[in-house]
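Below, chain A is the first sequence line, B the second, and so on; all start at residue 1.
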Number of protein chains: 2
Amino acid sequence: MKAIAELGYRPNAIARSLVRNVTKTIGLIISDITNPFFPEIVRGIEDKASEMGYNIFICNSDAKVEREEAYLELLLEKRVDGIIFTSARITDTRIADLRRHNFPFILVSRTLPDVQTDYVVVDNRAGAYLAVEHLISLGHQRIAHITGPKDASGALDRLWGYQKAMADHGLKTDAELVKEGDFREQGGYLATKELLSLSSAPTAIFAANDFIAIGALQAINEAGLEVPEDISLVGFDNIHLAGLTRINLTTINQPRYKMGLMATEVLIERIEGRGGADPVQLVLEPELVIRSSTKRLAG
Amino acid sequence: MKAIAELGYRPNAIARSLVRNVTKTIGLIISDITNPFFPEIVRGIEDKASEMGYNIFICNSDAKVEREEAYLELLLEKRVDGIIFTSARITDTRIADLRRHNFPFILVSRTLPDVQTDYVVVDNRAGAYLAVEHLISLGHQRIAHITGPKDASGALDRLWGYQKAMADHGLKTDAELVKEGDFREQGGYLATKELLSLSSAPTAIFAANDFIAIGALQAINEAGLEVPEDISLVGFDNIHLAGLTRINLTTINQPRYKMGLMATEVLIERIEGRGGADPVQLVLEPELVIRSSTKRLAG
DNA sequence: CTGTTAGCGCATTCAT
DNA sequence: ATGAATGCGCTAACAG
């Protein structure tokens, strides 16, 4: 013990990993930690991992397939015990490979159409439905939707929820009321300018995420209009920005911290062999957060 | 080669690490990735690390000494090649231990008074000076300052810069014009309410960071006043929030991405034995970003 | 230049 | 119970 203290001895986890074939390490492939959508997920992951004695390798892929594959290779060489893919673009074949080798992994905020895997997502369809129904309940009928990129499954589901809610309430969804955005401010800004120039402009906009909504806000203000007096606006995600005074966006909350937590829990179950054969697919419920960007339609 | 493909063989980096005594891994101890101040630093770190062939272990400490020490121990056991401490509360003795053992590490956005170490910080004094000078140049004389927590070296430096700028321009800094905040919205909100209730309220406020400024914004609005018409407001850090339309905060930019990049570069130099004996201490220049929360004093 | 071997620091097995 | 030997998969040193 005296020697331990004097020499600063510390057990070598690398040697231990080599013999036990376990590193107590999880790889996390995320598109960009700089995007305010992700930090809470990461925090949830890290908290649960730390509680269970695991460390996290963080890898920013910018949603580029090549970078994801390069990181995947590296993580595998470093013998991580499992991998979490957050909003990953990784191809089906790679994922299928992992499955075939029985390597533990889980998807967060992304599903794959043709491969059965563990995942944790929010119910995007239900969330969008909630958003649009809220607008309808306020008397809006001419409701526009600015979508996310059409290769994102979440964006498609939100579009679906929008259309369903409109149809269920007997409202028609003019093609000109649906604009494609890119999940970023710029796209929301441009799409909104188009919407405002329509001969019959919408009285409300459901943006597929909060960034789009913030872009929309800017376009609306620049046109000399006010939210919610002239136009109601609903976002999606409930990122921290949305709650700021001066923004105060009505939006759909996505329980990101919890998603990270639960994904990690499921992954570690698999790693430690306590998981069953069936994939565990968690679909968390979204929640309508009413702030002051929506208002009953005048008249 | 055929066998490699068939069996999915991959070199075992753990075994390699064991023999080479190098893991190509860096530990990052950060207080909370959920705080918008940090993601850009982390991204800078990860980008440079990845470029140099290193992976990053991310550890959220919530600025708690015990958690930092626990993580430190873990990282050392896992034989990371070096550690980056971002805004760490770690004690001098621990740091001194690391130095004594010649273990590579670097501090970002934090210095230690009594220990010589590598670090990367922004020039907080110069930044604060810039902020206050800007207000003075707009004709403000009664300028308040809401500080950060007084145990943060950066907060102290910003207070120093405020006082220096005031003194240099022959303005007196009434004690009642300096309020202590906590680097968060709530503190800024409360401090501002006190400032507004002063018999002679300030015409401008320099907040020690952007969160404080956002809290101040809310207090000002609630009092029925407008920024910048009734009160000018300057923040510090230039987090993403500050640039949103509807916030548009004049602030001091802190080059966070670059700080992460440079810290990692310096650290890897040390790890790979190319560093000199002297500590490398980088003090980056802050920059005034003028948006629309400041205005020439009427009259 | 290719082929063989020792050893990194641990955990596990077997012998004492 | 405690102690000695083996091997995890690789790299580096050495031999042929």
Using the C1' atoms of five pairs at each end, what's the angle between the two axes of the helix from C:dC1-D:dG16 to C:dT16-D:dA1, to 10 degrees?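 Helix axis angle between the two ends: 50°.
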Answer yes when [X] and [Y] have at least one side-chain N-carboxylate O distance shorter than 4.0 Å, and no when they do not.
X	Y	answer
B:Glu66	B:Arg94	no
A:Glu180	A:Lys150	yes
B:Arg43	A:Asp62	yes
A:Glu51	A:Lys48	yes
A:Arg89	A:Asp151	yes
B:Asp118	B:Arg270	yes

Quickly work out the B:Leu18 CG to D:dG7 C1' distance and round it to whole Å. 12 Å
First-last contacting nucleotides on DNA chain C - partner chain A, under 4.0 angstrom, heavy atom: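 Contact span on the strand: C:dG9 to C:dT12.
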Salt bridge (charged side-chain N to carboxylate O under 4.0 Å, His left out) against B:Asp157, all qualifying residues, sequence neighbours excluded: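 With sequence neighbours excluded, B:Asp157 shows a salt bridge (charged side-chain N to carboxylate O under 4.0 Å, His left out) to B:Arg125, given in chain and number order.
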By salt bridge (charged side-chain N to carboxylate O under 4.0 Å, His left out), which residues pair with B:Glu185, not counting sequence neighbours?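 For B:Glu185 there are no salt bridge (charged side-chain N to carboxylate O under 4.0 Å, His left out) partners, ignoring immediate neighbours.
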How about A:Thr147 and A:Arg158: do any of their side-chain heavy atoms sit closer than 4.5 Å? no
Would you tabulate the nitrogen or oxygen pairs shorter than 3.5 Å linking the protein to nucleotides 10-14 of chain D?
unit_1: D:dC10; atom_1: OP1; unit_2: B:Tyr9; atom_2: OH; d: 2.7
unit_1: D:dC10; atom_1: OP1; unit_2: B:Asn12; atom_2: N; d: 2.7
unit_1: D:dC10; atom_1: OP2; unit_2: B:Tyr9; atom_2: OH; d: 3.3
unit_1: D:dT11; atom_1: OP1; unit_2: B:Arg16; atom_2: NE; d: 2.4
unit_1: D:dT11; atom_1: OP1; unit_2: B:Arg16; atom_2: NH2; d: 3.4

Please list all pairs meeting salt bridge (charged side-chain N to carboxylate O under 4.0 Å, His left out) that have one or both residues in residues 104-116 of chain A, counting only residues at least two apart or in different chains. none
